[in-house]
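First the structure, in the form of structure tokens, and then the observations on it.
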2 protein chains.
Amino acid sequence: MENCYWPHDAPPWLLSPAAAADDRAASASRSHSEAEKRRRDRINAQLSTLRKLIPKSEKMDKAALLGHVVDHVKEQRQRAKEASKSSSSMPSEIDEVIIDQHHESEHIKASICCDDRPELFAELKAALKPLEATILEAEVTSLGGRIKANFIISAAMANQHTLKMALTRLLISSGSGSSGYGTRSKRQRFFYPTSR
Amino acid sequence: MENCYWPHDAPPWLLSPAAAADDRAASASRSHSEAEKRRRDRINAQLSTLRKLIPKSEKMDKAALLGHVVDHVKEQRQRAKEASKSSSSMPSEIDEVIIDQHHESEHIKASICCDDRPELFAELKAALKPLEATILEAEVTSLGGRIKANFIISAAMANQHTLKMALTRLLISSGSGSSGYGTRSKRQRFFYPTSR
DNA sequence: ATGGACACGTGATAC
DNA sequence: TGTATCACGTGTCCA
């Protein structure tokens, strides 16, 4: 820098000829740096609000902060997945049969939710037998006399309706009380929590 | 830049005297810019992994990306809060009474989980009456014959034990089956979902 | 040509 | 001292 003769200031003996060009260049440079500062401020503002959201992130490097942010997002992702999984595995008060095929594979996700009764497992097995469907995974959760069964079944997509029919039959026979397992109180026994 | 005579190269006629200083300066400047580039790369790497985590963020500005990241974190935080709240408001199969005072305030969080029966509300009210405790909030969730009641009570901390005794008495009278509401099956009816 | 977004090199500063 | 980070101004490309 010290070796430059007139890097920024124009020589005194010529002013008018290139003065206009110099002025325009200086103005452009000024607005350019100002715009760049505004951009930096926007980024740093978001970084600052991220610091408030992440615990113990004061005194952290920018890169370290962002690293903890990615960890935080991934952790929350995992928690959400587990929460939704455990929620979907819990029986509700609503009798239902859900058939779900996805991923273009030959795996069918089936779930049934109904009142529990001793013979249910046997009936379920009998209902699935004629479909020649092999059960890949099974998860059964029972709470307070209600039962929720989630299956992953290897079967052709054409069997979806048959499967749904078979499971729905179990629902109906459950509601008729024909099993003699004992009729439970018919009053509403589920209230959604009052919000706040 | 063009006005500088020898901004980076030393003049040919003097080499030895300040050459050492110039070399050290050049080396320092090089390592400096290299270190700075490494720092930028680290930050941009985290930014890049954040882009993979946030949907539809491929064509986004850096500042816009970070903005969406803060939104994402806030949303997930809210979802986690609601999920944990709705989870804690669901009755489990375990009879329990929980008393919890926090925040150094005079608010006591109390919860009871037991079999449901018609007179439970009245018994609860009767149990709370002698404590002269005013109920600030009440949230009752009932599922499959089980009930979970969460209260926020304004009472002195000294009453915690009395409150716990009163609520535990309700648990015991529930277990004795003296209410004649009907004895439910004693076989285990709750299985935790098989992991994975 | 005008402004936006990015990477770069540099001075300042803290440990 | 060197070795980190940060903000700044600039060059450059793109719409």
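By convention in this document, chain letters (A, B, ...) are assigned in the order of the sequence lines, proteins followed by strands, and residues within each chain are numbered from 1. Hydrogens, waters and symmetry mates are skipped; everything else that's a heavy atom, side chains included, is used.
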> Quick one: stems for DNA chain D, with Watson-Crick or G-U pairs under 3.5 Å, at least three in a row?
Replying inline: C:4-15 with D:2-13
> For A:Lys109, which residues count as a side-chain hydrogen bond (donor to acceptor under 3.5 Å, both in side chains) partner, sequence neighbours excluded?
Replying inline: none
> Salt bridge between B:Glu123 and B:Arg117, side-chain N to carboxylate O under 4.0 Å?
Replying inline: yes
>> Any carboxylate oxygen within less than 4.0 angstrom of a Lys/Arg side-chain nitrogen, looking at B:Glu36 and B:Arg39?
In response: yes
> What residues form a side-chain hydrogen bond (donor to acceptor under 3.5 Å, both in side chains) with B:His68, not counting sequence neighbours?
Replying inline: none
>> Less than 4.0 angstrom between a side-chain N/O of A:Lys59 and OP1 or OP2 of C:dA14, yes or no?
In response: no
>> Test: salt bridge (Lys or Arg N to Asp or Glu O under 4.0 Å). Region: residues 51-66 of chain B. Which pairs qualify, not counting sequence neighbours?
In response: A:Arg42-B:Asp61
> So how far is it from A:Asp100 CG to A:Ile108 CD1, rounded to the nearest 0.5 Å?
Replying inline: 9.5 Å
> In chain order, what residues pass the side-chain hydrogen bond (donor to acceptor under 3.5 Å, both in side chains) check against B:Arg77, with sequence neighbours excluded?
Replying inline: A:His72
>> Among residues 26-53 of chain A, which ones have heavy-atom contacts with DNA chain D below 4.0 Å?
In response: A:Ser29, A:His32, A:Ser33, A:Glu36, A:Lys37, A:Arg40, A:Asn44
> Which is it for B:Met90 and B:Arg146 under the side-chain contact (heavy atoms from CB on, under 4.5 Å) test, yes or no, and what are the steps along the way?
Replying inline: CA-CA 9 Å; B:Met90 294 300 279; B:Arg146 299 283 300 172; over 6 Å; no
